[in-house]
Amino acid sequence: MTPLTIRLAEMPGDLDLFNSFRYPLNSEIIGDLTVGRRRPEWLWLALRGDRVVARAAWWSRPGDEHPLVMDILDVAEGHEDDAVHLVTTALPDPAPEFTRFLPPDWQRSDADTWMSVLEECGAKPFVERLRLQWDPGTPIPAPTGRLTFRPPAEGELIDLMTLVVAGSLDAHTRDELTRMTPRECAEEQYRTELTQYPSPPDWWRIATLPDGDPVGFVIPAHNGYNPVIAYIGIVPAHRGRGHIDDVLAEGTRILAAEDVPRIRAATDVGNHPMAAAFARSGYRTFQRQVDMIW
């Protein structure tokens with residue numbers, strides 16, 4: 001057999017070679033390199049002769065020194081051992097989370113060699129998520145008049161996020177709460193995620209009752225790829241009363257008013273109340289996402 005070569009992908013010359021595996025993120029590689037979401041040292045190839053037998057890549061936010069997530073791993077049939085060598089060679093320390101986008105009806109099978117390779121390298125499944133999309137022309141529920149919406153006051157959003165975090169059904173948030181207080185978790189998410197979006201913060205909304213009591217919030221945003229419902233929450237004291245539908249509809253209206261081509265969102269498969277709210281609001285599941293951790 002031709003000897004195995006593991007090396008960095010040289011861009012843009014190796015782009016066609018790197019993209020010899022089909023995957024939804026292929027079209028974003030060069031753009032990500034240009035804006036700093038990827039670095040040349042984060043794209044790897046395993047070859048036998050001129051044939052790519054495995055590839056791997058990492059992603060982060062522009063300006064980050066270390067990769068935030070491993071988001072590409074593809075393996076040619078019969079080359080699982082080569083892929084293990086690739087991952088063990090290229091994997092940063094500490095190893096970031098892995099994420100994979102899959103068809104909406106995905107169920108694990110023997111064809112998911114990427115998963116077997118990662119498990120051989122010490123990773124384990126963490127959570128499965130629904131990737132959701134609202135398309136223009138989909139009806140947006142009309143305002144019910146039960147809630148009023150306004151931009152957040154100084155410091156108010158973190159206060160409300162702290163309340164929401166404490167009772168979250170989100171697997172990542174619950175994991176963070178094993179290491180941080182709810183306040184620390186809210187501050188971290190605000191600093192590292194919400195403030196990093198290139199979209200204007202004046203899209204953000206606080207939902208209140210007519211007497212001004214805050215019920216929850218929604219963060220419509222643009223993540224550099226798509227318009228998104230970045231974060232949405234109802235404070236524990238007001239849950240179970242259907243307010244989530246009004247809040248989600250308001251966030252959808254704000255983005256739809258920008259004449260966007262789509263709106264995307266995501267929630268854990270196990271977060272049944274949030275998944276049901278998205279479905280009622282006309283969001284369809286267009287992909288699944290599997291996250292793994294070391």
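Bear in mind that the values here come from a model prediction, so they are computed numbers and not experimental data.
- For the pair I72 and I29, the minimum side-chain heavy-atom distance is below 4.5 Å.
- The minimum heavy-atom distance between H238 and H243, with the atom names listed, is O-CD2, 3.5 Å.
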In sequence, state the C-alpha distance, the side-chain angles, and the governing distance for K124 and E119, and then conclude on salt bridge (Lys or Arg N to Asp or Glu O under 4.0 Å).
CA-CA 6 Å; K124 58 185 179 181; E119 288 174 331; over 6 Å; no
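- One N or O on the side chain of D170 and one on the backbone of H172 form a donor-acceptor pair closer than 3.5 Å.
- Using a 4.5 Å heavy-atom cutoff, the side chains of V247 and F217 are not in contact.
- A distance-only check finds a donor-acceptor pair linking the side chain of Q196 to the backbone of R191 [under 3.5 Å].
- No continuous path of ILVMFWY side-chain contacts below 4.5 Å connects I234 to L169, so the two sit in separate hydrophobic clusters.
- D159 has a carboxylate O that lies under 4.0 Å from a charged side-chain N of R183, or vice versa, which qualifies the two as a salt bridge.
- Of all heavy-atom pairs spanning P104 and R288, the tightest one is O-NE, 3.1 Å.
- Considering only heavy atoms from C-beta on, T195 comes within 4.5 Å of Y190 through its side chain.
- A donor-acceptor pair under 3.5 Å links the side-chain atoms of W44 to the main chain of E41, judged by distance alone.
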Let me see the working for V87 and L73 under side chain to side chain contact (heavy atoms under 4.5 Å, CB included), right down to the final yes or no.
CA-CA 9 Å; V87 173; L73 176 64; 3.8 Å; yes
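- No side-chain heavy atom of R100 sits less than 4.5 Å from a side-chain heavy atom of Q289.
- Taken to the nearest 0.5 Å, the OG1 atom of T267 stands 12.5 Å off from the CD1 atom of I229.
- Here the straight-line distance linking atom CG of N226 with atom CD1 of I263 works out to 10.5 Å at 0.5 Å rounding.
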Verify side chain to side chain contact (heavy atoms under 4.5 Å, CB included) between L255 and W203, making sure each step is shown before the conclusion.
CA-CA 8 Å; L255 291 174; W203 288 355; 3.6 Å; yes
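- No path of Ile, Leu, Val, Met, Phe, Trp and Tyr side chains, each step under 4.5 Å between heavy atoms, connects M180 with V164, placing them in separate hydrophobic clusters.
- In summary, the side chains of T113 and E80 do not present any donor paired with an acceptor at a separation below 3.5 Å, with no hydrogens or angles considered.
- By the neighbour-count criterion of 12 heavy atoms within 6.0 Å, atom CG of D211 is densely surrounded, having more than that number from other residues, nucleotides or ligands.
- The distance from atom CD of Q133 to atom OG1 of T138, rounded to the nearest 0.5 Å, is 9.0 Å.
- Side-chain contact between F18 and V52 is absent, with no heavy-atom pair separated by less than 4.5 Å.
- Ion pairing between D135 and R284 holds under the 4.0 Å rule for side-chain N and carboxylate O.
- For N223 (side chain) and Y225 (main-chain N/O), a donor-acceptor pair under 3.5 Å exists by modelled atom type.
- Side-chain contact between L8 and P40 is absent, with no heavy atoms from C-beta onward closer than 4.5 Å.
- Heavy atoms of other residues, nucleotides or ligands lying less than 6.0 angstrom from CZ of R179 number more than 12.
- Cluster membership for M11 and L47, using ILVMFWY side-chain heavy atoms within less than 4.5 angstrom, is shared.
- Within a 6.0 Å radius of CZ in R174, no more than 12 heavy atoms belonging to other residues, nucleotides or ligands are found.
- Here the side chain of S281 pairs no donor or acceptor atom with the backbone of F278 at under 3.5 angstrom.
- In this structure, the side chains of R253 and P143 come closer than 4.5 Å at one or more pairs of heavy atoms.
- Side-chain contact check for H222 and E258: no donor-acceptor pair (N or O, by modelled atom type) lies under 3.5 Å.
- Classified by interplanar angle (parallel below 30°, tilted 30° to 60°, perpendicular above 60°), the ring pair Y283/W134 is tilted.
- Residues P220 and W204 share a closest heavy-atom pair of O-CD1, 3.7 Å.
- Formation of a donor-acceptor pair under 3.5 Å by the E120 side chain with backbone atoms of V117 is not found in this model.
- Linking ILVMFWY side-chain heavy atoms closer than 4.5 Å, directly or via other members, places V269 and I293 in two distinct hydrophobic clusters.
- Taking each heavy atom of F21 and R55 in turn, the nearest pair found is O-NH2, 3.5 Å.
- Side-chain polar atoms of R51 and H79 form a donor-acceptor pair below 3.5 angstrom.
- Minimum heavy-atom separation, A275 to L130: CB-CD1, 3.9 Å.
- Between T99 and V290 there is no side-chain heavy-atom pair separated by less than 4.5 Å.
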Going through the distances and angles, do I6 and L45 end up as a side chain to side chain contact (heavy atoms under 4.5 Å, CB included)?
CA-CA 6 Å; I6 295 175; L45 292 168; over 6 Å; no
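- Of the possible donor and acceptor atoms, one in the side chain of D112 sits under 3.5 Å from a partner among the backbone N and O of S109.
- The distance from the CZ atom of R205 to the CG atom of L147 is 13.5 Å, given to the nearest 0.5 Å.
- Hydrophobic clustering keeps L102 apart from F286 (ILVMFWY residues linked when any side-chain heavy atoms are closer than 4.5 Å, directly or through intermediates).
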Would I232 and L248 satisfy side chain to side chain contact (heavy atoms under 4.5 Å, CB included), going step by step from the backbone distance to the final call?
CA-CA 7 Å; I232 186 170; L248 179 55; 3.7 Å; yes
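- Note on residues 262-282: pairs passing salt bridge (Lys or Arg N to Asp or Glu O under 4.0 Å), not counting sequence neighbours, are R129-D268, D245-R280.
- With 3.5 Å as the limit, one finds no donor-acceptor pair spanning the side chains of D71 and Y23.
- The OG atom of S168 sits 9.0 Å away from the CD atom of E176 when rounded to the nearest 0.5 Å.
- Between the side chains of N26 and E28, no donor-acceptor pair of N or O atoms lies under 3.5 Å.
- Judged by the 6.0 Å and 45° rule, R131 forms a cation-pi pair with F101.
- The closest donor-acceptor contact from the side chain of T144 to the backbone of R146 lies under 3.5 Å.
- Note that CD1 of I158 and CD of Q189 are 10.5 Å apart. Values are rounded to the nearest 0.5 Å.
- No close placement of the F98 and F126 rings is indicated, their centers lying 6.0 Å or farther apart.
- When atom types are taken as modelled, the side chain of R37 and the backbone of T34 share no donor-acceptor pair closer than 3.5 angstrom.
- Heavy atoms from other residues, nucleotides or ligands lying under 6.0 Å from CG of D202 number more than 12.
- Looking at every heavy atom in both residues, G224 comes nearest to P198 through N-CG, 4.2 Å.
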